Amino acid sequence: WSSDVCSSDLSMLDLTHLSIDLGDINTITDQRISSLSQSIQTLTQLQSVKINLRNCENLTDASIVKLTKAISGAANLEKLSLQFKTCDQITDQSISALAKNLCFMTNLTDVEIAFSGSLSITNTGISHLIVAFEHLKNLKKLRITFNVCNIGDDGINQIVLGLQNLPHLEDLQVSFRGCSEITNKGLSHFSDNVSKLVNLRELSIDFEGCKKINDNGVSSIAQCLGAFPLLETVNLNFDRCLYVSDPGLTKLAGSIISTKNLKSFGLSFRECNLITDEGVSALSKALKDMTQISRLNLGLKGLSKISSDSLLALSEALNEFLELKTCELDLEGCFNITDEGCTYIIEALTSTKSLEKLSLNLKGCFNIGNSCLKQIGKHISSFKGLKELSLNLNECIKITDGGLSQLAIYMPVLQELITLNLRLSCCTKISDEGATQLASALASISHLRTLEFELKECPNISKGGFSQISGFLEHANIPNLKLVY
């Protein structure tokens with residue numbers, strides 16, 4: 001529903017599910033949310049509520065107080081999602097009101113709470129959530145986001161102490177991106193207490209940009225991973241934690257081995273420039289024993305000290321992933337990686353016959369050239385069941401028309417492909433000839449429904465050449481086509 005819902009009378013509706021998206025509407029005010037709250041208060045049979053107020057910068061605590069009180073009247077509510085991202089006037093008063101009203105929603109099984117950019121949210125506000133969690137004994141799924149808030153170690157401690165009151169919790173996702181006061185001590189608190197949630201099947205932790213975290217903090221998180229015998233999904237984000245290095249990654253790698261039921265694994269250390277081949281090799285060695293993994297997502301962007309040796313080690317693990325369906329590797333800016341390293345990965349992936357999604361980000365890997373594209377083309381016939389493919393080759397300045405020709409020869413094999421994202425911006429040596437040949441090949445993929453083809457700042461591609469490229473692809477009747485030139 002649009003912003004008109006704020007002034008609508010919902011009382012005549014016998015609703016059990018309510019979803020309202022008012023994100024990015026700057027005209028939303030406390031007065032309009034007050035009107036909306038009055039209407040919601042009449043909907044006592046609600047079972048599911050989702051309200052998005054992202055970037056509604058005019059809202060204050062008054063809106064959250066009234067809105068959460070109105071929702072609390074739905075005694076049968078099972079699912080609640082509230083997003084207040086970048087509502088920067090919100091303070092601890094909102095968290096206190098939210099916690100107070102959550103106490104009345106005792107049937108909740110699924111809760112999502114998201115705040116970001118609210119520097120007036122502090123450890124004091126977070127402490128109120130302990131009381132709320134005591135009343136949510138049926139909760140199975142909890143997602144908490146407090147990105148770029150004024151939260152430190154005490155806030156982390158308060159949250160995890162409250163989590164101990166959730167005996168049935170199966171899915172926990174927490175995000176504290178950019179909370180600059182969080183240190184290793186906070187991660188130690190988290191590890192010590194969250195390890196008591198023995199029914200967890202999914203765990204996602206995001207401490208991106210918490211710049212006081214180092215190897216000791218990562219080691220604390222590693223210690224708790226073995227405490228969850230049912231764990232199937234793990235996502236850990238330590239992007240831009242600049243003091244994390246090989247010892248932290250090695251410690252984490254050692255703990256992964258104990259997660260015997262792991263099927264989905266995501267790990268990100270983007271721009272942690274102290275990490276070298278040693279750390280990636282330790283991780284790869286641990287992954288080698290996780291043969292049941294069906295999804296792998298590794299974020300290694302900006303690790304300028306790793307080389308093709310890291311990809312060789314990783315390829316040895318990929319060789320064992322016979323059930324792999326999704327593989328996402330972000331190697332942007334790893335400029336020591338060569339065609340040889342790329343070949344290791346592509347050859348290893350041919351060992352799995354069930355791959356459905358492949359994403360390979362090689363942006364800014366200056367030593368990647370035609371040989372890499374030749375290997376991708378050569379082995380792509382092994383990926384006949386592939387449904388999604390993303391290749392980011394932006395700024396790979398060694399690539400020429402010869403490399404595009406290699407891709408063009410083999411791309412038509414991927415007749416099951418539904419989504420393709422191909423980026424070649426700033427590849428200064430490619431020209432109309434190669435790009436047109438590739439576009440013609442892409443147009444022959446019969447099931448393709450979404451295509452993004454990016455060719456920005458390629459000086460040897462002319463307007464006439466791009467017009468020909470557009471003609472090939474538009475004639476293919478691809479429903480979602482985006483060409484960037």
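The shown structure was predicted, so the numbers you read here are calculated from the model rather than taken from an experiment. As a basis for the values below, the full set of heavy atoms in this structure was taken, side chains included, without hydrogen atoms, waters or symmetry mates.
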Is it the case that [X] and [Y] place a side-chain donor and acceptor less than 3.5 Å from each other?
X: Asp88; Y: Ser118; answer: no
X: Ser268; Y: Arg270; answer: yes
X: Arg295; Y: Ser264; answer: yes
X: Glu454; Y: Ser425; answer: yes
X: Glu271; Y: Asn273; answer: no
X: Thr122; Y: Asn150; answer: no
X: Gln406; Y: Tyr410; answer: no
X: Asp339; Y: Asn367; answer: no
X: Asn336; Y: Ser307; answer: no

Is it true that atom CD of Glu202 has more than 12 heavy atoms of other residues, nucleotides or ligands lying nearer than 6.0 Å?
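Counting neighbours around CD of Glu202, more than 12 heavy atoms of other residues, nucleotides or ligands fall under 6.0 Å, so yes.
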
Using a cut-off of 6.0 Å, state whether more than 12 heavy atoms not belonging to Lys137 lie near its atom NZ.
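Yes.
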
With no hydrogens and no angle check, is any side-chain donor or acceptor of [X] less than 3.5 Å from a backbone partner on [Y]?
X: Asn123; Y: Gly152; value: yes
X: Asp246; Y: Thr276; value: yes
X: Asn193; Y: Val160; value: no
X: Ser294; Y: Lys263; value: yes
X: Ser390; Y: Ser359; value: no
X: Asn184; Y: Gly217; value: yes
X: Asp277; Y: Asp309; value: no
X: Ser255; Y: Leu252; value: yes
X: Asn199; Y: Arg201; value: no
X: Thr145; Y: Ser175; value: no

Could you report the tightest heavy-atom contact between [X] and [Y], atom names first, then the distance?
X: Leu358; Y: Leu355; result: CB-CD2, 4.2 Å
X: Ile156; Y: Ile151; result: N-CG2, 4.4 Å
X: Ala313; Y: Ser284; result: O-CB, 3.4 Å
X: Lys363; Y: Asn361; result: N-OD1, 3.1 Å
X: Met290; Y: Leu262; result: CE-CB, 3.8 Å
X: Ile71; Y: Leu80; result: CG2-CD1, 4.1 Å

Taking C-beta and beyond as the side chain, do [X] and [Y] meet within less than 4.5 Å on heavy atoms?
X: Leu59; Y: Ile33; value: yes
X: Ile205; Y: Ile221; value: yes
X: Phe265; Y: Asn297; value: no
X: Asn480; Y: Glu452; value: no
X: Asn52; Y: Leu22; value: no
X: Ile95; Y: Leu129; value: yes
X: Gln292; Y: Lys260; value: no
X: Leu448; Y: Leu420; value: yes

Roughly how far, to the nearest 0.5 Å, is the [atom2] atom of [Y] from the [atom1] atom of [X]?
X: Leu98; Y: Ser94; atom1: CG; atom2: OG; answer: 8.5 Å
X: Arg177; Y: Ser116; atom1: CZ; atom2: OG; answer: 10.0 Å
X: Ile445; Y: Ile418; atom1: CD1; atom2: CD1; answer: 11.5 Å
X: Ile257; Y: Leu225; atom1: CD1; atom2: CG; answer: 12.0 Å

Start with the C-alpha gap between Leu389 and Leu391, add the side-chain angles, then the distance that decides, and say whether side-chain contact (heavy atoms from CB on, under 4.5 Å) holds.
CA-CA 7 Å; Leu389 175 62; Leu391 292 176; 4.2 Å; yes

Applying salt bridge (Lys or Arg N to Asp or Glu O under 4.0 Å) to Lys301 and Asp330, what does each step give before you reach the verdict?
CA-CA 6 Å; Lys301 172 185 175 181; Asp330 185 357; 5.9 Å; no

Step by step, work out the side-chain contact (heavy atoms from CB on, under 4.5 Å) result for Phe228 and Val198.
CA-CA 5 Å; Phe228 312 116; Val198 295; 5.8 Å; no

Evaluation steps, side-chain contact (heavy atoms from CB on, under 4.5 Å), between Leu274 and Val244
CA-CA 7 Å; Leu274 297 178; Val244 173; over 6 Å; no

Applying the side chain to side chain contact (heavy atoms under 4.5 Å, CB included) test to Cys342, which of Thr338, Ile346, Ile345 qualifies?
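Among Thr338, Ile346, Ile345, the one meeting side chain to side chain contact (heavy atoms under 4.5 Å, CB included) with Cys342 is Ile346.
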
If the threshold is 4.0 Å, N to carboxylate O, is there a salt bridge linking [X] and [Y]?
X: Asp153; Y: Lys185; answer: no
X: Lys251; Y: Asp215; answer: no
X: Lys285; Y: Glu316; answer: no
X: Lys212; Y: Glu181; answer: yes

Show me the donor-acceptor pairs within less than 3.5 Å that the side chains of residues 99-115 make with the rest of the protein, sequence neighbours left out.
unit_1, atom_1, unit_2, atom_2, d
Asn101, ND2, Thr68, OG1, 3.0
Asn101, ND2, Ala97, O, 3.0
Asn107, ND2, Ala75, O, 2.8
Thr109, OG1, Glu78, O, 3.3
Asp110, OD1, Arg143, NH2, 2.4
Asp110, OD2, Arg143, NH2, 3.4
Glu112, OE1, Ser81, OG, 2.8
Glu112, OE2, Gln83, NE2, 3.4

Applying side chain to side chain contact (heavy atoms under 4.5 Å, CB included), name anything that partners Lys211, two or more places apart in sequence or on another chain.
Arg240

If you apply the rule side chain to side chain donor-acceptor pair (under 3.5 Å), what do you find for Glu232 with Asn261, and how did you get there?
CA-CA 5 Å; Glu232 296 179 352; Asn261 295 311; over 6 Å; no

Assign the ring pair Phe269 / Phe238 to parallel, tilted or perpendicular, where the plane angle (0 to 90°) is split at 30° and 60°.
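Parallel: the ring planes of Phe269 and Phe238 meet at under 30°.
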
Throw together a table of side-chain donor-acceptor distances under 3.5 angstrom for residues 381-388, partners on residues two or more places apart or in other chains.
none

Between Ile159 and Phe190, does the side-chain contact (heavy atoms from CB on, under 4.5 Å) criterion hold? Intermediate values first, please.
CA-CA 8 Å; Ile159 285 179; Phe190 185 91; over 6 Å; no

